[in-house]
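Computed from a prediction, not measured in an experiment: that's the story for all the values here. Each chain gets a letter, A, B and so on, in the order the sequences are listed, and its residues count up from 1.
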There are 2 protein chains.
Amino acid sequence: MPDESQLGGEFTLAIFKLNGQLLAAGEKLAEPASITVAWWQVLGAVLRQPLTAPGIARQMGITRQAVQRIANRLIAEGLLQASPNPAHKRSPLLAPTKDGRLAIERIRPGQAEFSTRLIKSFGRAEFEALISELHRMSTTVDAVGP
Amino acid sequence: MPDESQLGGEFTLAIFKLNGQLLAAGEKLAEPASITVAWWQVLGAVLRQPLTAPGIARQMGITRQAVQRIANRLIAEGLLQASPNPAHKRSPLLAPTKDGRLAIERIRPGQAEFSTRLIKSFGRAEFEALISELHRMSTTVDAVGP
DNA sequence: ACCATAATGACAACACATTGCCAATATGAG
DNA sequence: CTCATATTGGCAATGTGTTGTCATTATGGT
């Protein structure tokens with residue numbers, strides 16, 4: 001059993017590194033719309049259907065407080081709007097404004113271009129297989145994790 | 001070409017999620033030593049040989065300022081010590097103190113246990129293959145990236 | 001040896017995420 | 001209906017990372 005500990009560390013570092021690389025790539029892609037990656041993620045979460053702030057947080061896998069602060073900021077910037085929620089008097093449904101959708105639209109071409117080049121360069125079949133393995137790894141970490 | 005854009009997004013989200021999961025696991029593992037994951041990483045970087053703060057940063061792939069602040073904190077906590085650097089009068093070499101090594105030692109068993117269980121559950125061959133693909137993906141992102 | 005350039009440490013401002021706490025509001029079991 | 005419990009938004013403190021700036025110190029080409 002050659003060094004499980006070291007192998008685990010190598011895996012962790014590989015994920016951390018890729019996380020940083022993708023964040024940096026996202027910043028560049030989001031720049032033309034003058035928004036940050038976090039704003040992009042929140043706006044993206046409500047493109048298809050309005051959600052409450054805690055609902056967005058659950059979908060993104062981060063805390064509701066983090067989403068709440070970004071949502072407040074996005075509302076102040078006029079990119080997100082709150083509508084009364086019939087199911088929750090205290091928790092309005094959040095949806096992008098026209099400007100919010102415009103911002104996402106301005107990012108889309110660059111994102112599509114980047115994805116296309118990345119997948120082409122990495123190999124489409126291998127790309128899909130990698131995603132599949134990453135999902136399986138997520139499940140495994142949840143099952144095993146300390 | 002079915003939706004490269006969506007596939008790219010799915011990949012990014014998978015990496016972000018795993019990043020969060022591994023950070024959370026790391027926090028739990030580091031807790032018995034009362035240190036954070038960032039402290040652990042910095043201490044881990046100088047276990048084998050002393051490095052300067054910018055040297056640690058280059059190895060970790062983050063900015064020297066981020067490392068510097070953590071290093072200053074670790075020195076204040078008595079986990080890291082600075083020794084004169086013959087090659088750089090302004091940039092001391094940083095090495096763990098006895099307490100610093102003790103802290104890492106206290107983490108090691110849990111980390112080894114977690115790694116072993118993770119690799120066993122995921123499959124060793126698949127685990128190694130995944131790391132290899134992640135490295136290849138890092139290279140691809142660097143080559144393609146916006 | 002000299003001087004432009006690079007590297008380093010310190011400091012500040014900002015973005016993002018976390019935990020913990022509080023008060024107000026839903027929700028659901030009895 | 002009532003009351004314990006869960007959810008929600010707001011606020012504060014903290015940790016981690018970034019960029020930018022500044023003064024000081026090395027480094028290297030001429």
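Scanning atom types as modelled, one donor and one acceptor separated by under 3.5 angstrom connect the side chain of A:Arg90 and the base of D:dT8.
Of the candidates D:dT21, D:dG10, D:dG17, the closest approach to any side-chain atom of B:Arg64 belongs to D:dT21. Set against C:dC16, D:dT18, D:dG10, the side chain of B:Ala66 has D:dT18 as its closest nucleotide. Taking only side-chain atoms of A:Arg69, from C-beta outward, the nucleotide of D:dG17, C:dA17, C:dT8 with the closest atom is C:dA17. Comparing D:dT16, D:dG10, C:dT27 by their closest approach to the side chain of B:Thr36 singles out D:dT16. Across D:dC11, D:dG9, D:dT19, the shortest atom-to-atom separation from the side chain of B:Thr63 is found for D:dT19. Residue B:Gln65 places its side chain closer to D:dT21 than to any other of D:dG10, D:dG17, D:dT21.
Looking at A:Ser5 and B:Gln111, their side chains do bring a donor and an acceptor atom within 3.5 Å of each other.
Proximity of a side-chain donor or acceptor of A:Arg64 to a complementary backbone N or O of A:Ala53 within less than 3.5 Å is not detected. Although no hydrogens or angles enter the test, the distance criterion places no donor-acceptor pair under 3.5 Å between the side chain of B:Arg101 and the main chain of B:Pro96. A donor-acceptor pair is defined here as one N or O able to donate and one able to accept, closer than 3.5 Å; no such pair exists between the side chain of B:Ser132 and the backbone of B:Glu128. A donor-acceptor contact shorter than 3.5 Å links the side chain of B:Thr97 to the backbone of B:Gly78.
Separating the CD1 atom of B:Ile62 from the C1' atom of C:dC16 is a distance of 15 Å, rounded to the nearest angstrom.
Using a 4.0 Å cut-off on heavy atoms, the residues of residues 49-61 of chain B that approach DNA chain C are B:Ala53, B:Pro54, B:Arg58, listed by number.
The side chain of A:Trp39 places an N or O atom within less than 4.0 Å of a non-bridging phosphate oxygen (OP1 or OP2) of C:dC16.
Nucleic acid contact for A:Ala87: sugar-phosphate only, since backbone atoms but no base atoms lie under 4.0 Å from a heavy atom of the residue.
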